[in-house]
There are 2 protein chains.
Amino acid sequence: MSAKVNIKDIAKKTGLSTTTVSRVLNGKSEKYRIAEKSKQIIEAVALELNYVANHFATSLKSGKSNTIGLIVPSLSNPFFANIASNINAEVRKYGYTTIIVDSDENVEIEKTVLQQFIARNIEGLIIIPCGKEMEHIKNVYYQGLPLVLLDRYFEELEIPYVSTDNFEGAYMAANLLINHGHKSILCIQGIVDSTPNKLRVKGFKQAMKDAGIENFKVVGDAFSVENGYSETKMLLQNKVRPTAIFTLSNTIAMGCLKALKEENIRIPQDISLITFDNHLYLDFLATPITSIAQPVEAICKIALKNLISNLNEKEKTVKQVILKPEIKYRESISNIKN
Amino acid sequence: MSAKVNIKDIAKKTGLSTTTVSRVLNGKSEKYRIAEKSKQIIEAVALELNYVANHFATSLKSGKSNTIGLIVPSLSNPFFANIASNINAEVRKYGYTTIIVDSDENVEIEKTVLQQFIARNIEGLIIIPCGKEMEHIKNVYYQGLPLVLLDRYFEELEIPYVSTDNFEGAYMAANLLINHGHKSILCIQGIVDSTPNKLRVKGFKQAMKDAGIENFKVVGDAFSVENGYSETKMLLQNKVRPTAIFTLSNTIAMGCLKALKEENIRIPQDISLITFDNHLYLDFLATPITSIAQPVEAICKIALKNLISNLNEKEKTVKQVILKPEIKYRESISNIKN
DNA sequence: TAAATATGCACAAACGATTGTACAATTCAA
DNA sequence: TTGAATTGTACAATCGTTTGTGCATATTTA
């Protein structure tokens, strides 16, 4: 990188002091009564030399970074990628810059990134945690860093979050199956210890219980395509199969689909399927898959509004928001009533 | 944010100087013969106070940021999200941190982000440009910032890039259609001025020409779902329809699919379809869509290897790499020969 | 015309970390 | 016992900005 121009270079070239240069370049020429002529000269030279203020120096001095950090567990998951895209656009509206990092569903990476973010003086943090540990997040929160959890949160903490009503969503999904006469259902779950997963499983079980159904199973352990695939494969080894599957994420559904296809199991004739998370492609599948859609845009907007308001005020208002999911009715559930 | 601990706090608490603290914390205690006892005390206190070095100060002093910037046009496009995820993981292996930013297919945002990256002293840049302008990218490149273009590049410049053989890919795709007897083909393109688009269109046209077919059209103007949708909708207004469609990206294909479905056009019975870009879900569609797969992982790995080698050496070696695409044969093309 | 006010700008300290060098204290050799 | 060598640490400058304050010079007022 060729030597970058700094404020000193401009000062030298214009014959003015760095003070004056700085003031002009920060739009404070009025306040400090810099002569119009000086102002123009400085601006011209800055333009000519292609000056860009060193962010480190600025931030070091001001303590402000104008940056919001975003940690997502995996950008290759369209659900999270979509969130990242939304957050990115929304953050820009507020005049901040987003730094997005992918933690790869790895708590250690998550911790490291958190440290880096702190070292970079981020002003606010939006995080979709891996979900296995919370100590490090709790720490930075109590140290005063404004943050909002997205999607995955920790029920027992007072940290702000915006998420979907996972219990309700799962309950709705299970109920839909039940209402179509399904009495033997398999639920393929994601990360066992994560709150959304726990609540989804809880909602699922509650629906089963309320309907007096005991023939159900919950398997799996990751929000991944592989997990959906292998669990479905294993399922299909058995002679006795459930009549319906409920996958707790779009990635799991994708893996499930793959396994079903390999074994030539048709949806919904041979088995019914419903999944958490919506996506455009679900409409175009061999059988469009009924899904529980999370209000992603609203989640992002609210999270950011929440965060920004905490950024500006010294007092923190803790807001924990749960939004209602919505069923996208498609054709993957067969009615087997009687 | 409660006052962060700095090196001074540790110095005060240990009764040692900031110099000594800094040296210990940077693993230079050997070099400067810091007493083992001092070292242990400092390390203990740093741990206790939860010290994190201020990245701005460090970088300001050293001029190093240990950061690679990545600009993608849209994270909601799975193709780019996937690249981001790959790059992120790959960069970590080299000990750097990735900062990902979404330019929203907006050149102005791209320019702004570039400035911010420079202000943040990024050491290397990977960029998938919006594709409409190149001046700003050219400038930073010639100022000495190591960078690699991904996917979209500029043929006439000597800037390094890694991309797919777009001409070849499109030629293969068109040829596949032709070999199945198609003589009336519609191509829905993306951003008209972008290199990949131009080359794909060129490959498409060349195949047509080589086969002596003149009944083809190229329409559209964006790598977006909307573009695919509206172009297909418009197409379907006509009485005379092509027998096949070639979409130049997965997003366009998605929109096309939507329109076809709305109009109850079946694939491949009523119309055949082939698309650029591969994705897992293409396998599970009503009719699995044949696609031209780009070697995403390889692209990312090579790009990064390329970038890192330029990071370490003062001399820049310009590498422009074109990788071969691959056809993923699925069931969306009907044979209408004779 | 002298005093008061306004105008335009620069000095120097500070942000937090790093580092060449200098210096005091300890140990060693003779 | 004294000078040399070794050991352990601190001083102070520096990175590029920002900013409170103060000092000239110019302008206005009476």
Side-chain angles (χ1 to χ4, degrees), chain A residues 1-43 45-46 49-66 115-116 118-121 123, chain B residues 1-43 45-46 49-66 115-116 118-121 123:
Chain A
M1 205 64 206
S2 65
K4 283 195 210 141
V5 281
N6 57 28
I7 222 174
K8 264 191 200 164
D9 298 326
I10 299 182
K12 208 172 296 169
K13 185 143 185 177
T14 58
L16 294 163
S17 75
T18 59
T19 308
T20 306
V21 174
S22 168
R23 285 177 174 150
V24 167
L25 265 24
N26 284 302
K28 296 184 181 166
S29 49
E30 294 272 305
K31 188 176 167 197
Y32 289 100
R33 301 165 318 211
I34 310 293
E36 181 61 25
K37 199 175 168 186
S38 302
K39 185 185 165 199
Q40 289 181 0
I41 294 175
I42 289 170
E43 282 171 346
V45 171
L49 297 184
N50 209 353
Y51 171 77
V52 182
N54 182 316
H55 184 246
F56 298 134
T58 314
S59 291
L60 177 56
K61 191 68 177 81
S62 68
K64 298 268 162 204
S65 64
N66 211 247
Q115 292 301 301
Q116 289 173 341
I118 290 174
R120 282 166 201 269
N121 265 7
E123 298 184 26
Chain B
M1 204 69 204
S2 65
K4 284 197 208 138
V5 280
N6 57 28
I7 221 173
K8 264 190 201 165
D9 298 326
I10 299 181
K12 207 172 298 170
K13 185 142 184 175
T14 57
L16 293 163
S17 75
T18 60
T19 308
T20 306
V21 173
S22 169
R23 284 176 173 149
V24 167
L25 265 23
N26 285 301
K28 297 183 180 165
S29 49
E30 292 272 305
K31 187 176 168 197
Y32 290 99
R33 301 163 319 209
I34 310 293
E36 180 61 25
K37 200 176 168 186
S38 302
K39 184 185 166 199
Q40 287 180 1
I41 293 176
I42 289 171
E43 281 171 346
V45 172
L49 298 185
N50 209 353
Y51 170 78
V52 183
N54 182 315
H55 183 247
F56 297 133
T58 314
S59 292
L60 177 58
K61 189 71 177 76
S62 68
K64 298 268 163 204
S65 65
N66 211 246
Q115 292 302 300
Q116 290 172 342
I118 290 173
R120 281 165 203 270
N121 264 8
E123 297 184 26

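It should be emphasised that the depicted structure is a prediction, and the values quoted were computed from it without experimental measurement. So that the names make sense, note that chain A is the first sequence line, chain B the second, and so on, each numbered from 1.
Looking only at distances, no side-chain donor or acceptor of B/Glu123 sits under 3.5 Å from a matching main-chain atom of B/Lys64. With hydrogens and angles disregarded, no donor-acceptor distance shorter than 3.5 Å links the side chain of B/His55 to the backbone of A/Asn121. Not one N or O on the side chain of B/Ser29 forms a donor-acceptor pair closer than 3.5 Å with the backbone of B/Ile34. A donor-acceptor contact shorter than 3.5 Å is absent between the side chain of A/Asp9 and the backbone of A/Lys12.
For A/Thr20, the side-chain atoms get nearest to C/dA10 when compared with the rest of C/dT18, C/dA10, C/dG16. Of the candidate nucleotides D/dT17, D/dT21, C/dT18, C/dT18 has the atom lying nearest to any side-chain atom of B/Thr58.
One can place NZ of B/Lys31 at 16 Å from C1' of D/dT9, the figure rounded to the nearest angstrom. Distance B/Lys61 NZ to D/dG16 P: 10 Å, rounded to the nearest Å. In this entry the distance linking NZ of A/Lys39 with P of C/dC9 reads 13 Å, nearest Å. Atom NZ in B/Lys12 sits about 13 Å away from atom P in C/dA17, given to the nearest Å. Rounding to whole angstrom units, CZ of residue A/Phe56 and P of D/dC15 are separated by 16 Å. Atom P of nucleotide C/dT7 and atom CD of A/Glu30 are separated by 12 Å, given to the nearest angstrom. Summarising the geometry, the separation between CG on A/Leu60 and P on D/dG16 is reported as 12 Å, rounded to the nearest angstrom. Note: CD1 (A/Ile10) to P (C/dA10) measures 14 Å, nearest angstrom.
If you check every strand for non-hydrogen atoms under 4.0 Å, A/Ile34 touches sugar and phosphate atoms only. Across all strands shown, B/Ser22 has heavy atoms under 4.0 Å from base atoms, whether or not it also approaches the sugar-phosphate.
Residue A/Lys28 places at least one side-chain N or O closer than 4.0 Å to OP1 or OP2 of D/dT19. Remark: B/Asn26 is in phosphate contact with C/dT18, judged by side-chain N or O atoms under 4.0 Å from OP1 or OP2. In terms of phosphate contacts, A/Asn54 brings no side-chain nitrogen or oxygen within less than 4.0 Å of OP1 or OP2 of D/dG16. Phosphate contact (OP1/OP2 of C/dG16, side-chain N/O of B/Tyr51, threshold under 4.0 Å): absent. Under 4.0 angstrom from either OP1 or OP2 of C/dC9 there lies at least one side-chain N or O belonging to A/Ser38.
A tilted orientation is assigned to the rings of B/Phe56 and A/Phe56, their planes being inclined by 30° to 60°.
Closest approach of B/Val21 and B/Ile42 over heavy atoms only: CA-CD1, 3.8 Å.
Where A/Thr18 and A/Tyr32 each meet DNA chain C at their nearest nucleotide, the meeting point lying more 5' is that of A/Tyr32. Projected onto DNA chain C by closest heavy-atom contact, B/Arg33 and B/Ala57 fall at different nucleotides, the more 5' of which corresponds to B/Ala57.
Side-chain N/O atoms of A/Arg120 and base N/O atoms of C/dG16 include no donor-acceptor pair closer than 3.5 Å. Counting atom types as modelled, B/Thr19 pairs a side-chain N or O with a base atom of D/dC11 as donor and acceptor under 3.5 Å.
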